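Note that this is a predicted model, so its numbers are computed, not measured. Both ligands and their constituent atoms are indexed starting at 1 by order of listing.
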Amino acid sequence: MAYSEKVVDHYENPRNVGSFDKGDDSVGTGMVGAPACGDVMKLQIKVNPQTGVIEDARFKTYGCGSAIASSSLVTEWVKGKTLDEAAAVKNSEIAQELALPPVKIHCSILAEDAIKAAVLDYKTKRMAAAAVA
Ligand code: FES
Ligand code: FES
């Protein structure tokens, strides 16, 4: 199957590969798997606790080229966004930007699920911290 130029670009030069310390208070971690193919994606955000703006993002994806490209793209998109803006990123926007064919749509859904999970993880952590304080 032919990948689009943008997929190949993100696949060959993935942005923001790596990870942050999960225990860091300012970090949210989203880990999701695709039952269809067994691929796994971990996406992390680093948030400024004062402003609630995402300052940095990292990912590690064990999966196909489209999954890697989708997660790479999302880490770029969410930088500078608020938590709510980041959680509103749609898989259809990812699929459109990368020109994903229908059989690869689930790869972009994985990225949407991962960023939502990362935002939720960060919010849950902050609420737990507030409850203790
Ligand atoms: Fe993972 Fe295609 S290689 S779903
Ligand atoms: Fe399953 Fe891409 S994540 S084929």
Indicate yes or no: at least one non-hydrogen side-chain atom of Val74 is less than 4.5 angstrom from one of Leu43.
yes
Rounded to the nearest 0.5 Å, how far apart are CZ of Phe59 and CD1 of Ile68?
6.5 Å
So, does Glu93 use its side chain to make a donor-acceptor pair with the main chain of Lys90 at under 3.5 Å?
yes
Suppose I only count heavy atoms of Lys104 and a 4.0 Å limit; which atoms of ligand 2 are within that range?
4 (S)
Presence of N, O or S from His106 under 2.8 Å of atom 1 (Fe) of ligand 2
yes
Which atoms from ligand 2 have a heavy atom of Cys107 less than 4.0 Å away?
2 (Fe), 3 (S), 4 (S)
Looking only at non-hydrogen atoms, find the nearest pair between Tyr122 and Asp25 and report the distance.
CE1-O, 3.6 Å
Does Cys37 put an N, O or S atom under 2.8 Å from atom 2 (Fe) of ligand 2?
no
